[in-house]
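Take a look at the structure below.
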Amino acid sequence: MSNHQHTLIIDGTSGISGDMTVAALLDLGASEEHLREQLATLPVDGFTIAVTRANKHGIDACDFDVQLAEELENHDHDMAWLYGNEAAAEHTHEHEHHHHEHDEHEHEHCHEHDHEAHGHGHEDHHHAHHHHHRSLADVTAIIDGSQLSDGAKRRALAIFSVLATAEAKAHGKTPDTVMFHEVGAVDSIVDVCSVAICLDDLGIEDIVVESLSEGHGTIRCAHGLMPIPVPAVINLCQAGNIALTPAPVAGELVTPTGAAIVAALRTSEHLPARYRIKAVGCGAGKRPYEGCSGTLRCLLVDEDA
């Protein structure tokens with residue numbers, strides 16, 4: 001860890017998700033060993049993390065995956081389910097070789113809270129284990145009960161706080177009463193805490209994000225197909241004054257957790273006038289999209305005075 005503060009530039013041209021951000025920060029040089037030690041202090045169990053390498057469209061990237069103890073079905077990489085059959089045809093025929101074993105657990109299917117209506121009955125018996133209803137108070141208690149540094153706790157809580165506000169607005173609730181569905185699940189808590197731990201480890205103070213690219217179309221949630229960006233992402237971009245750049249991609253590039261990271265932690269939307277690159281990190285996404293690199297690039301830079 002450096003003894004002076006670095007600036008992080010997050011390149012949002014491929015969108016952003018929680019696990020991609022963790023992977024990019026690990027690739028930048030955040031300590032995996034330190035991350036594992038810190039995560040072990042979270043008062044939740046039933047998860048392991050896997051840190052591997054992936055090649056996405058010719059780019060070598062780090063892949064961060066939260067694996068749950070019960071092997072639960074996760075539909076996030078099931079493109080046919082997520083996008084309906086028309087989009088599935090265009091998404092999957094060339095991509096069968098991609099990483100089908102990785103699910104981006106962080107994702108969310110619009111964070112459906114009413115998961116009783118999840119729409120695929122064959123996995124209903126899993127809900128008791130996986131789809132916990134957690135309130136912001138529950139998530140706060142988990143983070144407070146850990147041994148994360150004060151700075152890491154503050155950042156993790158800030159991310160969940162803006163997420164709760166965005167979800168509450170989408171569902172007509174208040175931040176205190178809204179129940180996180182997948183976002184309250186262990187995998188999302190691990191993603192968010194991991195981002196906070198890695199930022200702390202790298203000594204990052206300032207975080208610059210110019211804009212986020214987002215795709216178009218619809219994505220399937222418990223209530224059926226929802227337009228992209230989904231309501232929580234819309235609310236986060238509005239609240240965080242985040243500029244969106246439409247991308248020629250049929251699919252969702254910005255997840256609620258990804259947007260929440262930017263809304264909660266960004267310090268500037270303007271690149272420094274001059275900067276020197278100290279390190280670059282690439283984090284692999286889990287979903288194969290046409291016309292998108294599928295990696296999140298982050299730069300660790302020093303600004304010239």
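We're numbering straight along the sequence, starting at 1. Quick note: numbers below take in every heavy atom, side chains included, and nothing from hydrogens, waters or symmetry partners.
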inquiry  = Give me the atom names and distance for the closest heavy-atom approach of Ser149 to Asp200.
reply    = OG-OD2, 2.7 Å
ask   = So which heavy atom on Val230 is nearest to which on Pro256, and how close?
value = CG2-CG, 4.1 Å
query = Are Thr140 and Leu157 close enough that some pair of their side-chain heavy atoms sits under 4.5 Å apart?
reply = yes
query = With sequence neighbours excluded, what pairs up with Thr7 under the side-chain contact (heavy atoms from CB on, under 4.5 Å) test?
reply = Asp206, Val208, Val301, Glu303
query = So does Lys153 pair up with Asp144, basic N to acidic O under 4.0 Å?
reply = no
query = Should Tyr275 and Ile277 count as side-chain neighbours, where that means a heavy-atom distance under 4.5 Å?
reply = yes
task = Report the distance from atom CG of Leu136 to atom OG of Ser161, rounding to the nearest 0.5 Å.
result = 6.0 Å
ask   = What are the two closest non-hydrogen atoms of Thr257 and Gly18, and how far apart are they?
value = CG2-CA, 4.0 Å
key: Nearest non-hydrogen partners of Pro229 and Leu244, listed with the distance   = CG-CD1, 4.5 Å
key: Counterpart residues, side-chain hydrogen bond (donor to acceptor under 3.5 Å, both in side chains), relative to Thr245 (two or more places apart)   = Ser211
Single hit among Val262, Ile261, Leu8 for side-chain contact (heavy atoms from CB on, under 4.5 Å) with Val209 = Val262
query = By side-chain hydrogen bond (donor to acceptor under 3.5 Å, both in side chains), which residues pair with Ser268, not counting sequence neighbours?
reply = none
remark   = So OG of Ser14 and NZ of Lys56: to nearest 0.5 Å the spacing works out to 10.0 Å
task = For residues Val195 and Arg155, determine if any side-chain heavy atom of one lies less than 4.5 Å from a side-chain heavy atom of the other.
result = no
ask   = Do the side chains of Ile228 and Val254 join up, straight or via other hydrophobic residues, at under 4.5 Å, putting them in one cluster?
value = yes
query = Is there a side chain to side chain contact (heavy atoms under 4.5 Å, CB included) between Ile142 and Arg134 once you walk through the steps?
reply = CA-CA 10 Å; Ile142 289 168; Arg134 282 200 179 95; 3.7 Å; yes
message = Take a 6.0 Å sphere around CG of Asp304 and say whether it holds more than 12 heavy atoms from other residues, nucleotides or ligands.
response = yes
inquiry  = Quick test of your reading of the model: are Arg53 and Asp63 salt-bridged, counting only N-O distances below 4.0 Å?
reply    = no
message = For Asp138 and Ser135, which I'm curious about, is there any donor-acceptor pair between the side chains at under 3.5 Å?
response = yes
key: Thr174 versus Asp176, side-chain donor and acceptor atoms under 3.5 Å   = no
message = Nearest 0.5 angstrom please: Lys278 NZ to His6 NE2, how far?
response = 7.5 Å
task = Could you tell me which residues satisfy side-chain contact (heavy atoms from CB on, under 4.5 Å) with Ala61, sequence neighbours excluded, listed by chain and number?
result = Cys282, Ala284, Thr295
query = Same cluster or not: are Leu26 and Ile207 linked, directly or through other Ile, Leu, Val, Met, Phe, Trp or Tyr residues, by side-chain heavy atoms under 4.5 angstrom apart?
reply = yes
task = Output every pair passing side-chain hydrogen bond (donor to acceptor under 3.5 Å, both in side chains) with a member in residues 29-38, not counting sequence neighbours, ordered by first then second residue.
result = Glu32-Arg36
inquiry  = Looking at every non-hydrogen atom in both residues, tell me the closest pair between Ser146 and Pro43 and how far apart they are.
reply    = N-CD, 4.1 Å
request  = Nearest 0.5 Å please: distance from the CG atom of Leu299 over to the CD1 atom of Ile9.
outcome  = 5.5 Å
ask   = Within the distance-only criterion (no hydrogens, no angle test), does the side chain of Thr177 pair as donor or acceptor with the backbone N or O of Lys173 below 3.5 angstrom?
value = no
inquiry  = Please tell me whether Leu148 and Val22 are part of a single hydrophobic cluster in this structure, the criterion being side-chain heavy atoms less than 4.5 Å apart.
reply    = yes
inquiry  = To the closest 0.5 Å, what do you measure between SG (Cys298) and CG (Leu202)?
reply    = 9.5 Å
query = Linking I/L/V/M/F/W/Y whenever any side-chain heavy atoms sit under 4.5 Å apart, do Val192 and Ile204 land together?
reply = yes
Under 3.5 Å, side-chain donor or acceptor atoms of residues 231-238 against the rest of the protein: list the pairs with distances, not counting sequence neighbours.
unit_1	atom_1	unit_2	atom_2	d
Asn235	ND2	Ala166	O	3.0
Asn235	ND2	Pro231	O	3.4
Gln238	OE1	Lys169	NZ	3.1

Note, Val66 side chain near Asp191 side chain (heavy atom, < 4.5 Å) = yes
inquiry  = Is there a path of hydrophobic side-chain contacts, each under 4.5 Å between heavy atoms of I/L/V/M/F/W/Y residues, joining Ile49 to Leu28?
reply    = yes
query = Considering only heavy atoms from C-beta outward, does the side chain of Leu25 approach that of Phe64 to under 4.5 Å?
reply = no
inquiry  = Side chains of Asp201 and Leu35, heavy atoms from C-beta outward: is any pair under 4.5 Å?
reply    = no
